[in-house]
Amino acid sequence: MKVDAARSALQSVNPDVSVVALHKRLDDFSNLVAQADVVLDCTDNFATRHAINRACVQQRKPLVSGAAIRFDGQVSVFDMSRKDSPCYSCLFSEDAQVEEVACSTMGVFAPLTGVVGAMQAMETLKLIAGIGESLNGRLMILDAKNADWRTVRVRKDAGCKVCG
Ligand SMILES: [Zn+2]
């Protein structure tokens, strides 16, 4: 199973790491988010992303979000421990009509997932250690095909149904 493979891979890199692998579909992330210092979203669909975001907003937990599709990568931090922070839904509204683009049909340039994952790990360690300036309120966009990084501001939406 995917979760067992992930646990084995993590423990082969660091035998001291404690991994709790859950092999079930979750709609409510409240209990898991309550136990976390920082939440990383590495999922591949908007329904799950919004459910995780809602739990992070409710419990004021920092969310480190990453996405990769085709040659495009995105990384951002939504630090909900800070009142002025935008949430994921401020950027991608739950009401928006989005066409779900599945990795399974569109594919993803394999090294891109490594880059996005490493960026998420970096932002997470910075948040835990209180080092430097996080990506809170900014979205980093990687165009891997043209080797181009852009950073755009993400503002809190006063009319956001989740955090407004
Ligand atoms: Zn919001």
Side-chain angles (χ1 to χ4, degrees), residues 2-3 6 20 22 24-106 108-109 112-144 148-164:
K2 210 172 175 181
V3 289
V20 179
L22 302 174
K24 60 182 176 184
R25 182 162 192 88
L26 291 169
D27 298 312
D28 182 356
F29 292 87
S30 305
N31 291 338
L32 285 176
V33 167
Q35 298 168 44
D37 295 312
V38 179
V39 176
L40 285 85
D41 185 345
C42 315
T43 63
D44 63 356
N45 65 84
F46 283 108
T48 305
R49 286 181 181 276
H50 283 300
I52 292 171
N53 177 60
R54 268 182 255 119
C56 289
V57 169
Q58 281 163 8
Q59 301 185 39
R60 306 219 149 273
K61 299 285 175 125
L63 170 61
V64 180
S65 178
I69 190 88
R70 291 175 293 231
F71 289 92
D72 303 314
Q74 295 184 348
V75 184
S76 191
V77 171
F78 305 94
D79 188 352
M80 304 321 299
S81 69
R82 294 165 51 163
K83 273 224 176 281
D84 58 341
S85 298
C87 79
Y88 182 79
S89 190
C90 291
L91 180 61
F92 300 106
S93 169
E94 290 192 0
D95 298 334
Q97 292 295 318
V98 287
E99 196 184 335
E100 198 84 66
V101 185
C103 292
S104 52
T105 53
M106 298 311 295
V108 60
F109 188 46
L112 187 59
T113 55
V115 172
V116 169
M119 288 288 300
Q120 287 182 272
M122 188 170 73
E123 288 303 305
T124 302
L125 292 174
K126 283 166 56 189
L127 285 166
I128 290 170
I131 299 169
E133 196 65 39
S134 81
L135 262 178
N136 188 42
R138 291 179 290 160
L139 173 69
M140 284 189 86
I141 303 167
L142 172 58
D143 171 358
D148 183 45
W149 281 103
R150 284 189 307 134
T151 305
V152 296
R153 286 256 157 227
V154 181
R155 303 209 180 276
K156 190 176 181 77
D157 176 1
C160 177
K161 285 183 180 168
V162 180
C163 74

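Both counts, for ligands and for their atoms, begin at 1 and track the order of listing.
Atom CZ of F71 is surrounded by more than 12 heavy atoms from other residues, nucleotides or ligands within 6.0 Å.
Proximity of C56 to C87: side-chain heavy atoms (C-beta onward) are nowhere separated by under 4.5 Å.
Looking at D28 and S30, their side chains do bring a donor and an acceptor atom within 3.5 Å of each other.
In terms of modelled atom types and a separation under 3.5 Å, the side chain of R60 and the main chain of M80 share a donor-acceptor contact.
For a distance threshold of 2.8 Å, the protein N, O or S atoms nearer than that to the Zn ion (ligand 1), listed by chain and number, are C87 SG, C90 SG, C160 SG, C163 SG.
The aromatic rings of F78 and Y88 lie perpendicular to each other, with more than 60° between the two planes, well past the 30° mark.
Contact between V3 and L22 at its shortest, heavy atoms only, is CG1-O, 3.5 Å.
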